[in-house]
K.L.:
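Quick one: the structure is below, and I'll ask about it shortly.
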Amino acid sequence: MTHRLAVLISGSGTNLQAIMAAIDSGRLNAEIAVVLSNRADAGGLSRARHAGIATEVLDHRQYDSREAFDQAMITALDHYQPGTVVLAGFMRILSPLFVRHYAGQLINIHPSLLPKYRGLHTHARALEAGDSQHGCSIHFVTEELDGGPLIAQAPLDVLANDTVDSLSKRVQQREHLLYPLVLQWRAEQRLELDHDGVKLDGKPLPEQGYQLV
Ligand code: GAR
């Protein structure tokens, strides 16, 4: 059976678009079963609808608690039987309830070389610190925010004249290469999280994950 992805977004969905393009071109042997957003105005929703992909909108403001919202997402997503739940710019903190339900199936992309710069404003913080390298990371999601075991990173050099804008554009280009690659490993059942860490082809990955050159 083709590997089924559920992609969760809150914003413009350029990573979603990159995943769709990788599927169309045959680089990624998976199907997007559903795109779910917590915001009805997320640009990524129209990208999905345009391509005939099922969409779900759940507005977190309509729920009394984080757990109630997350339970509603679980109910909506399980209907599509996803093999991997893909966070692609989903800007909500997930409860332990959600994270445990999809343990080993839940993957996030984050715009920094983790463990540096968890949370927000990662490009500004890298520039502020004068870092010579920056990039993005993909990790399995655990209950620790942006703290789950690393799968892969795409580093890049920070240029002398970089701004938040220029840096975020280049990081996004790297994200668009890295996410389809990692998802193809999932589709081929080569990538898993077990009790002692992330394994690719049954072998442990280095602590920083696979490094894209
Ligand atoms: C991406 O750059 C992703 O790394 C970031 O949101 C952006 C979404 O862009 N995610 C986070 O900051 C998660 N903490 P997109 O909607 O164009 O794919």
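Start at 1 and go down the list; that is how both ligands and their atoms are numbered. These numbers come from a predicted model, not from an experiment.
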K.L.:
Cluster question for you: counting only ILVMFWY and a side-chain heavy-atom cut-off of under 4.5 Å, with indirect links fine, are Ile107 and Leu36 together?
P.N.:
no
K.L.:
If you have a sec, work out which protein heavy atom is nearest atom 17 (O) of ligand 1 and how many Å separate them, to one decimal?
P.N.:
Thr14 OG1, 2.5 Å
K.L.:
Does Ile109 reach ligand 1, in the sense of a heavy atom lying below 4.0 Å from it?
P.N.:
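Flag set, Ile109 near ligand 1.
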K.L.:
Find all atoms of ligand 1 within a distance of less than 4.0 Å from any non-hydrogen atom belonging to Pro111, and give their numbers and elements.
P.N.:
4 (O), 5 (C), 10 (N), 11 (C), 12 (O)
K.L.:
Return yes if a side-chain donor-acceptor contact under 3.5 Å exists between Ser112 and His134, otherwise no.
P.N.:
no
K.L.:
If the cut-off is 4.0 Å to any non-hydrogen atom of Ser12, which atoms of ligand 1 fall inside it?
P.N.:
15 (P), 16 (O), 17 (O)
K.L.:
Which protein heavy atom lies closest to atom 8 (C) of ligand 1, and at what distance to 0.1 Å?
P.N.:
Gly89 CA, 3.6 Å
K.L.:
Looking at atom 16 (O) of ligand 1, what's its closest protein heavy atom, distance included?
P.N.:
Gly13 N, 2.8 Å
K.L.:
Please write out which residues are connected to Leu167 in a hydrophobic cluster, directly or through intermediates, given that two of Ile, Leu, Val, Met, Phe, Trp, Tyr count as joined at side-chain heavy-atom separations below 4.5 angstrom.
P.N.:
Leu127, Leu156, Val158, Val164, Val171
K.L.:
Among all the protein's non-hydrogen atoms, which is closest to atom 4 (O) of ligand 1, and how far away is it?
P.N.:
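Here the nearest protein heavy atom works out to Glu175 OE2, 2.6 Å.
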K.L.:
Among His121, Met91, Gln17, whose heavy atom sits nearest atom 13 (C) of ligand 1?
P.N.:
Met91
K.L.:
For the residue pair Thr122 and His110, confirm or rule out a side-chain donor-acceptor distance under 3.5 Å.
P.N.:
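There is no such pair between these side chains.
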K.L.:
Before signing off on this row, confirm whether Asp146 and ligand 1 have an N or O atom pair separated by under 3.5 Å.
P.N.:
no
K.L.:
In terms of residue, atom name and distance, what is the protein heavy atom nearest to atom 9 (O) of ligand 1?
P.N.:
Gln172 NE2, 3.1 Å
K.L.:
Could you work out, with salt bridge (Lys or Arg N to Asp or Glu O under 4.0 Å) as the rule, every residue matching Asp201, not counting sequence neighbours?
P.N.:
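Asp201: salt bridge (Lys or Arg N to Asp or Glu O under 4.0 Å) contacts with Arg190.
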K.L.:
Between ligand 1 and Asn108, is the shortest N or O to N or O distance under 3.5 Å?
P.N.:
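By distance alone, the answer is no.
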K.L.:
Would Glu192 and Lys199 count as a salt bridge (charged side-chain N to carboxylate O under 4.0 Å, His left out) if you check the C-alpha gap in whole Å, the side-chain angles of each, and the deciding distance to 0.1 Å?
P.N.:
CA-CA 5 Å; Glu192 57 177 11; Lys199 303 257 173 71; 5.8 Å; no
K.L.:
Which protein heavy atom lies closest to atom 14 (N) of ligand 1, and at what distance to 0.1 Å?
P.N.:
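Of the protein heavy atoms, His110 ND1, 3.4 Å lies nearest.
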K.L.:
Starting at CG of Leu94, measure out to CD of Glu67 and round the result to the nearest 0.5 Å.
P.N.:
11.0 Å
K.L.:
Under 3.5 Å, is there a donor-acceptor pair linking the side chains of His101 and Asp78?
P.N.:
yes
K.L.:
Under 3.5 Å, side chain of Arg186 to main-chain N/O of Gln105, donor-acceptor pair present?
P.N.:
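Not at all, since once roles are kept as given, no pair shorter than 3.5 Å links the two residues.
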K.L.:
Does an N or O anywhere in Phe90 fall below 3.5 Å from an N or O of ligand 1?
P.N.:
no
